[in-house]
K.L.:
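A single structure is presented below for examination.
Chain letters run A, B, ... following the sequence lines, proteins first and then strands; every chain starts at 1. Side chains included, hydrogens not; waters and symmetry mates left out as well; all remaining heavy atoms used. Because the structure is predicted, anything quoted here is derived from the model rather than measured.
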2 protein chains.
Amino acid sequence: MTDTDPNSTPERKRGSGVKMVYDLLRDEILDLVLPPGSPIDEVQLAERFKMSRTPIREALVRLAGEGLIDTLPNRSTMVASIDFLNMHTFFDALVLMYRVTTRLAAQYHRAEDLQVIRAHQADFAAAVAAQDALAMIATNAAFHSAIAEAGRNAYFTGLFNRLLDEGRRILRLYYQSYEDRLPQRFVDEHEDIIAVIAARDSEAADRLATIHAEQIVQQIQKLFARGGKLDIAL
Amino acid sequence: MTDTDPNSTPERKRGSGVKMVYDLLRDEILDLVLPPGSPIDEVQLAERFKMSRTPIREALVRLAGEGLIDTLPNRSTMVASIDFLNMHTFFDALVLMYRVTTRLAAQYHRAEDLQVIRAHQADFAAAVAAQDALAMIATNAAFHSAIAEAGRNAYFTGLFNRLLDEGRRILRLYYQSYEDRLPQRFVDEHEDIIAVIAARDSEAADRLATIHAEQIVQQIQKLFARGGKLDIAL
DNA sequence: TGCATATTATTTGTCGACAACAATTATGCA
DNA sequence: TGCATAATTGTTGTCGACAAATAATATGCA
């Protein structure tokens, strides 16, 4: 019983390690468990996941490719900062992607897409009812991501999901203390959006998505104006 | 003289290897030197660049993150195919990004941006005059990328540059034999676009970009209809 | 011969170790 | 003491080798 020791627990499928590290690190970054500026140490992660540095580095390269971590050559690597100075570019892109993905969903969705969208909407309504801010953020993102998927344009869904991720990070900054809640109004707007998508009314979808997106942007900007825990590395 | 042998030529800066492989492989993919479906062999590349597989793999991971190569787990990795079936999604995204980047350039550009844009336009005009189709593709992309940079929205420039890359690959399919040329009309339209950007006329910028983009899409679709060397792995 | 199984070969995924680079601390000299 | 230089430390980048997984080939049995 040397290397066939059943208790040596190297029982991890070949290639699953990278995905595991990637997924978990990504979640920790987006949930601000690892706030912007946090140092990422390869050997520390290697010990934590009980694997060599090679798969760790591959996961980090992928995260760097998505802009979630920044790498200083030959030096440290850390969680990417949030660019508060250019927040308006984020809002511009977010509103436009809300519009175009909703419009395309009205145009190209199939019957089964509506099932998925309605399921996510139910989750969102439940989160609002429970006044669970963190759940609202997650379920709202999932709802709109599902709409984007129904629009069937990989270029748009790619950018949109990236924006939703960044939005998740920004919102967590302010909602981690559960001190506020997104209004019931968003639930109603979601219902209206589902209706116009189902009716394949592209123009109405665009219009409602615009209003909805600008509501959300306004909501975020209000939080900014009120001020928050901005003691985070820029 | 063991490892300090000056002729052992490991003279390559620590960390430059990945970038070198990434850049060169990326160019070869976009120029169709490596056509879609081409197998990518790690050890072959390692021998070619005289380095270990580790930096090669890092470059490949990054290329995979941008969708330029596809990786079958535990099996081969190859140059990503061009999705002809969903070409309309590419056109939709391209037109929209043409519009929004040009509009934002009219809004946010600085004086020095126009210098760069005009320089690229001169390159494009020269390529048209010389009837150099490949140079037209490259300079046209550089021209519009410069406009997007002037718009100063990293989310949009990111997607737009990705679309321009994909467009480079698509156009190379048809223009490699220099059998056609983009019309002089595009040069004139570029001049008009520069003018409205300089005048900070967002609406006109949007309008002209729309017309221009749809011209280009129509041009590409005409090439498709006429048929071409489509004996490429789907 | 035809097919299932076993063997080999090829390629990818992972590992442990070493070297290079940068920051930090220690040392020496004025 | 003050500062330039040298050792030290910690982290990243690269390497060569091994192990796992799949595909290709060979073997054996009916």
K.L.:
Which is true for A:I40 with a 4.0 Å heavy-atom rule: it touches a base, it touches only sugar-phosphate, or it touches nothing?
P.N.:
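Sugar-phosphate, backbone atoms only, no base.
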K.L.:
Quick one: A:M78 CE to D:dT11 C1', roughly how many Å, whole number?
P.N.:
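Atom-to-atom, A:M78 to D:dT11, this comes out as 14 Å.
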K.L.:
Report yes if a side-chain nitrogen or oxygen of B:S52 is closer than 4.0 Å to either non-bridging phosphate oxygen (OP1 or OP2) of D:dC15; otherwise report no.
P.N.:
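Yes, B:S52 has a side-chain N/O under 4.0 Å of OP1/OP2 on D:dC15.
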K.L.:
Any idea which of C:dC15, C:dT12, D:dT14 is nearest the A:T54 side chain?
P.N.:
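Taking heavy atoms from C-beta onward, the closest nucleotide is C:dC15.
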K.L.:
Tell me what A:E42 touches on the nucleic acid: a base, only sugar-phosphate, or nothing, going by heavy atoms under 4.0 Å.
P.N.:
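Answer is sugar-phosphate: A:E42 comes under 4.0 Å of backbone atoms only.
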K.L.:
Once you round it to whole Å, what is the distance between C1' of D:dT11 and CG of A:L72?
P.N.:
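Those two atoms, CG and C1', are 12 Å apart.
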K.L.:
For A:Y98, which of A:L94, A:L96, A:V100 qualifies under side chain to side chain contact (heavy atoms under 4.5 Å, CB included)?
P.N.:
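Single side chain to side chain contact (heavy atoms under 4.5 Å, CB included) partner of A:Y98 among A:L94, A:L96, A:V100: A:L94.
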K.L.:
Starting at the 5' end of DNA chain C and moving along, which residue's nearest nucleotide shows up first, A:K50 or A:P73?
P.N.:
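Taking each residue's closest nucleotide, the earlier one in sequence belongs to A:K50.
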K.L.:
Identify which nucleotide among D:dT22, C:dT14, D:dT11 has an atom closest to any side-chain atom of A:D41, counting heavy atoms from C-beta outward.
P.N.:
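Shortest atom-to-atom distance from the side chain points to D:dT11.
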K.L.:
By the definition side chain to side chain contact (heavy atoms under 4.5 Å, CB included), identify the one residue from A:V61, A:L60, A:L63, A:T77 that meets it with A:T71.
P.N.:
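It is A:T77, the one option of A:V61, A:L60, A:L63, A:T77 that forms the side chain to side chain contact (heavy atoms under 4.5 Å, CB included) with A:T71.
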K.L.:
Quick one: is B:R75 getting a side-chain N or O under 4.0 Å of the D:dA23 phosphate, OP1 or OP2?
P.N.:
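Answer is yes, contact under 4.0 Å.
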K.L.:
Give me the ring orientation class for A:F160 and A:H144: parallel if the planes are under 30° apart, tilted from 30 to 60°, perpendicular past 60°.
P.N.:
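Geometry flag for A:H144 against A:F160: perpendicular rings.
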K.L.:
Quickly work out the B:R14 CZ to D:dG13 P distance and round it to whole Å.
P.N.:
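Those two atoms, CZ and P, are 7 Å apart.
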K.L.:
Figure out the CZ/P separation between A:R12 and C:dT14, and round it to whole Å.
P.N.:
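Roughly 7 Å, once rounded to whole Å.
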K.L.:
Find the distance A:Q44:CD to D:dG10:P and express it as a whole number of Å.
P.N.:
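Answer to the nearest Å: 14 Å.
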K.L.:
So what does B:T71 touch, heavy atoms closer than 4.0 Å: a base, only the sugar-phosphate, or nothing?
P.N.:
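It contacts nothing in the nucleic acid.
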K.L.:
Considering only side-chain heavy atoms of A:V43, which listed nucleotide, D:dT22, D:dT14, D:dT12, is closest?
P.N.:
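Selected nucleotide (nearest to the side chain): D:dT12.
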K.L.:
Determine: side-chain N/O of A:R57 to OP1/OP2 of D:dT12, distance under 4.0 Å, yes or no.
P.N.:
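For A:R57, the contact criterion (side-chain N or O under 4.0 Å from OP1 or OP2 of D:dT12) is not met.
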K.L.:
Looking at every heavy atom in both A:R162 and A:E66, which two are closest together, and how far apart are they?
P.N.:
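Heavy atoms only, the tightest pair is NH2-O, 3.4 Å.
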K.L.:
Rounded to whole Å, please give me the gap between CD in A:E58 and P in C:dG13.
P.N.:
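Whole-Å distance recorded here is 7 Å.
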K.L.:
Please report the closest heavy-atom contact between A:A127 and A:T139, naming both atoms and the distance.
P.N.:
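Between these two residues, the closest heavy atoms are CB-OG1, 4.0 Å.
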K.L.:
Find the distance B:K13:NZ to C:dC21:C1' and express it as a whole number of Å.
P.N.:
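From B:K13 NZ to C:dC21 C1': 14 Å.
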K.L.:
How many whole angstroms separate atom CZ of A:R53 from atom P of C:dC18?
P.N.:
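In whole Å, C:dC18 P and A:R53 CZ are 14 Å from each other.
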